[in-house]
**Q** 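Input: one structure, supplied below.
The figures here come from the full heavy-atom set of this structure, side chains too, leaving out hydrogens, waters and symmetry mates. The chains referred to below are lettered A, B, ... by the order of the sequence lines, with proteins before strands, and numbering in each begins at 1.
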Protein chains: 2
Amino acid sequence: MNKIDIFKKLRSSGLRPTKQRVEIAKFLFERDKTFHFTVESLDKLLSKKTTSKFALATIYNTVHAFKNAGHLSEVEVRGKKTYFDTNVTNHHHFYDSETSELIDIDENEIIIQKIPKAPNGKKIKNVEVFINLKN
Amino acid sequence: MNKIDIFKKLRSSGLRPTKQRVEIAKFLFERDKTFHFTVESLDKLLSKKTTSKFALATIYNTVHAFKNAGHLSEVEVRGKKTYFDTNVTNHHHFYDSETSELIDIDENEIIIQKIPKAPNGKKIKNVEVFINLKN
DNA sequence: TATTTAGTTTATAATGGTTCTAAAGTAAAA
DNA sequence: TTTTACTTTAGAACCATTATAAACTAAATA
């Protein structure tokens, strides 16, 4: 994803391509593989990999803006911090609590044969499978 | 579950049956159905249903002691608060984000036909299925 | 291009759930 | 009954996250 595409991605989401957003977007989206992070880890990585400085609040703002625009998804992981994922398709996760590492599982790698009906008046929005790992 | 059983339950977990623990245990475990709660909701319910007073720290301490003893499980729900569950068997959940309500799904109500292998050197500890509901 | 306007970044304060602390209290052992 | 070890408690501390409001900047307007 080149700079023009980054600009397009931001503009089409109603986000001004500011210096900070462009740099964070480049860092997050110019990748082949899915990337998982917390705001804290992203902050550390950004200060290593770039020369710019980012206020912590800006990282929070930007990550939320990207999430609201559908460019990031939030993954529920036991613990205090919120994890984000550059993979925004429906998919599942392995979680290794030893290393706090998430690994994506493609939607079609899991087939559920039997599932209960949703309770009265409710519908199923989505199904998340979370596989905890051990050594 | 009568008072003697509550005492046994506590004693066998190495927990002194103090006034507070017994009252909280009675409230949590003398039920037919699974009960889901957060520390906040438990605090409110206890102050309604009992005449005793409990320091918030005591509720935290007690809930963690019960969890460590295997009498409660923790459920991962998107959001800030930690949810607990009196159902400590392997099972799954519906979650209704409109009402913040959890509903248990018995383990055998979900059959997974296909599942990926665990990554190199790792094993699968457990599989959690979380079904988000909508109206 | 200069000016205005609306959106953005920033440092810092505030928030809120949870954990820590250490003093007072209580159950169990001696 | 005395001692010991564990527990409760109120309040402080913690820490991830959100709010605030002043300084800044991109984009629109003139």
Side-chain angles (χ1 to χ4, degrees), chain A residues 3-4 6-27 36-47 50-69 71-72 74-84 100, chain B residues 3-4 6-27 36-47 50-69 71-72 74-84 100:
Chain A
K3 198 161 185 178
I4 292 173
I6 292 279
F7 268 64
K8 274 187 193 164
K9 185 167 199 150
L10 293 174
R11 280 245 166 66
S12 66
S13 320
L15 297 169
R16 280 190 187 168
T18 62
K19 183 166 151 284
Q20 291 85 343
R21 284 178 180 158
V22 170
E23 273 210 68
I24 296 175
K26 282 167 77 75
F27 182 79
H36 298 104
F37 62 95
T38 64
V39 168
E40 189 193 17
S41 72
L42 179 58
D43 183 34
K44 281 185 187 155
L45 289 168
L46 285 171
S47 48
T50 72
T51 49
S52 325
K53 285 198 172 175
F54 301 90
L56 190 56
T58 300
I59 299 178
Y60 275 100
N61 289 342
T62 304
V63 165
H64 283 138
F66 290 177
K67 186 197 153 195
N68 293 335
H71 304 317
L72 290 173
E74 200 177 320
V75 186
E76 196 52 35
V77 178
R78 216 167 289 260
K80 288 182 189 174
K81 290 178 200 159
T82 305
Y83 282 70
F84 295 92
S100 300
Chain B
K3 200 161 185 180
I4 292 173
I6 292 279
F7 268 64
K8 275 188 192 162
K9 186 166 197 153
L10 293 174
R11 280 246 166 67
S12 67
S13 319
L15 297 169
R16 281 189 187 168
T18 63
K19 183 170 150 282
Q20 291 82 347
R21 284 178 181 157
V22 171
E23 272 211 67
I24 296 175
K26 283 167 75 75
F27 183 79
H36 298 103
F37 62 95
T38 64
V39 169
E40 190 194 17
S41 71
L42 179 58
D43 183 33
K44 281 184 189 159
L45 289 168
L46 285 172
S47 49
T50 74
T51 50
S52 323
K53 283 198 174 174
F54 302 90
L56 192 56
T58 301
I59 300 178
Y60 275 101
N61 289 344
T62 303
V63 165
H64 283 139
F66 289 177
K67 187 196 154 193
N68 292 336
H71 304 317
L72 289 174
E74 200 178 318
V75 185
E76 196 52 37
V77 179
R78 215 167 289 261
K80 289 182 186 171
K81 292 178 200 158
T82 305
Y83 281 71
F84 295 91
S100 301

**Q** What's the CG-C1' distance between B:Leu56 and D:dC14, to the nearest Å?
**A**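 Nearest whole value for this atom pair: 15 Å.
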**Q** Which whole-number value in Å describes the distance from A:Lys44 NZ to D:dA16 C1'?
**A**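 For the pair A:Lys44 NZ and D:dA16 C1', the rounded distance is 13 Å.
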**Q** What residue among A:Val39, A:Leu72, A:Ile24 forms side chain to side chain contact (heavy atoms under 4.5 Å, CB included) with A:Thr62?
**A**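 It is A:Ile24; the other options fail the test.
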**Q** OP1, OP2 of D:dT9 versus side-chain N and O of B:Gln20: anything below 4.0 Å?
**A**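 True: B:Gln20 side-chain N/O within range (under 4.0 Å) of D:dT9 OP1/OP2.
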**Q** Please state how far atom CG in A:Leu10 lies from atom P in D:dA27, giving the value in whole angstrom units.
**A**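 About 10 Å, once rounded to whole Å.
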**Q** Do any side-chain nitrogens or oxygens of A:Tyr60 fall under 4.0 Å of OP1 or OP2 in D:dT18?
**A** no
**Q** Which comes earlier along DNA chain C counting from the 5' end, the contact point of A:Ala57 or that of B:Thr38, where each point is its nearest nucleotide?
**A** A:Ala57
**Q** Which value, rounded to the nearest 0.5 Å, describes the distance between B:Thr58 atom OG1 and B:Lys53 atom NZ?
**A**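 If I round to the nearest 0.5 Å, the distance is 13.0 Å.
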**Q** With sequence neighbours left out, what residues match A:Asp43 under side chain to side chain contact (heavy atoms under 4.5 Å, CB included)?
**A**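 Expected list: A:Leu56, A:Ile59.
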**Q** Considering every strand and a 4.0 Å limit on heavy-atom distances, what is the contact class for A:Thr82: base, sugar-phosphate, or nothing?
**A**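 Touches sugar-phosphate only.
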**Q** Taking CZ from B:Arg11 and C1' from D:dA5, how many angstroms apart are they, rounded to a whole number?
**A** 15 Å
**Q** Quick one: which of D:dT9, D:dT18, D:dA16 gets closest to the side chain of B:Lys80?
**A**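 Minimum distance to the B:Lys80 side chain belongs to D:dT18.
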**Q** At under 4.0 Å between heavy atoms, what does A:Thr18 touch on the DNA or RNA strands: base, sugar-phosphate, or nothing?
**A** sugar-phosphate
**Q** If you assign each of B:Thr58 and A:Glu40 to its closest nucleotide in DNA chain D, which residue comes earlier from the 5' end?
**A**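 The residue closer to the strand's 5' end, by nearest nucleotide, is B:Thr58.
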**Q** Earliest and latest nucleotide of DNA chain C, 5' to 3', sitting under 4.0 Å from a non-hydrogen atom of chain B?
**A**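 Contact span on the strand: C:dG17 to C:dA28.
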**Q** Side chains of A:Leu45 and A:Phe27, heavy atoms from C-beta outward: is any pair under 4.5 Å?
**A** yes
**Q** Look at the side chain of A:Thr50 and the backbone N and O of A:Ser47, then say whether any donor-acceptor pair between them is shorter than 3.5 Å.
**A** no
**Q** Please state how far atom CZ in B:Phe54 lies from atom P in D:dT7, giving the value in whole angstrom units.
**A** 16 Å
**Q** Indicate yes or no: at least one non-hydrogen side-chain atom of B:Phe84 is less than 4.5 angstrom from one of B:Leu42.
**A**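 No, their side chains stay 4.5 Å or more apart.
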**Q** Can you tell me how far C1' of D:dA27 sits from CG of A:Leu15, to the nearest Å?
**A** 15 Å
**Q** Whole Å only: how far is the CG atom of A:Asn68 from the C1' atom of D:dT18?
**A**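 Rounded to whole Å, this separation is 14 Å.
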**Q** Calculate the interatomic distance between A:Glu74 atom CD and D:dT17 atom P; express it in whole Å.
**A** 9 Å
**Q** Which one, D:dT9, D:dC6, D:dA26, comes nearest to the side chain of B:Arg16?
**A**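 It is D:dC6.
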**Q** Only counting residues at least two apart or in another chain, list the ones meeting salt bridge (Lys or Arg N to Asp or Glu O under 4.0 Å) with B:Lys67.
**A**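 For B:Lys67 the salt bridge (Lys or Arg N to Asp or Glu O under 4.0 Å) partners, ignoring immediate neighbours, are B:Glu74.
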**Q** So which one's nearest nucleotide on DNA chain C is more toward 5', B:Lys19 or B:Val39?
**A** B:Val39
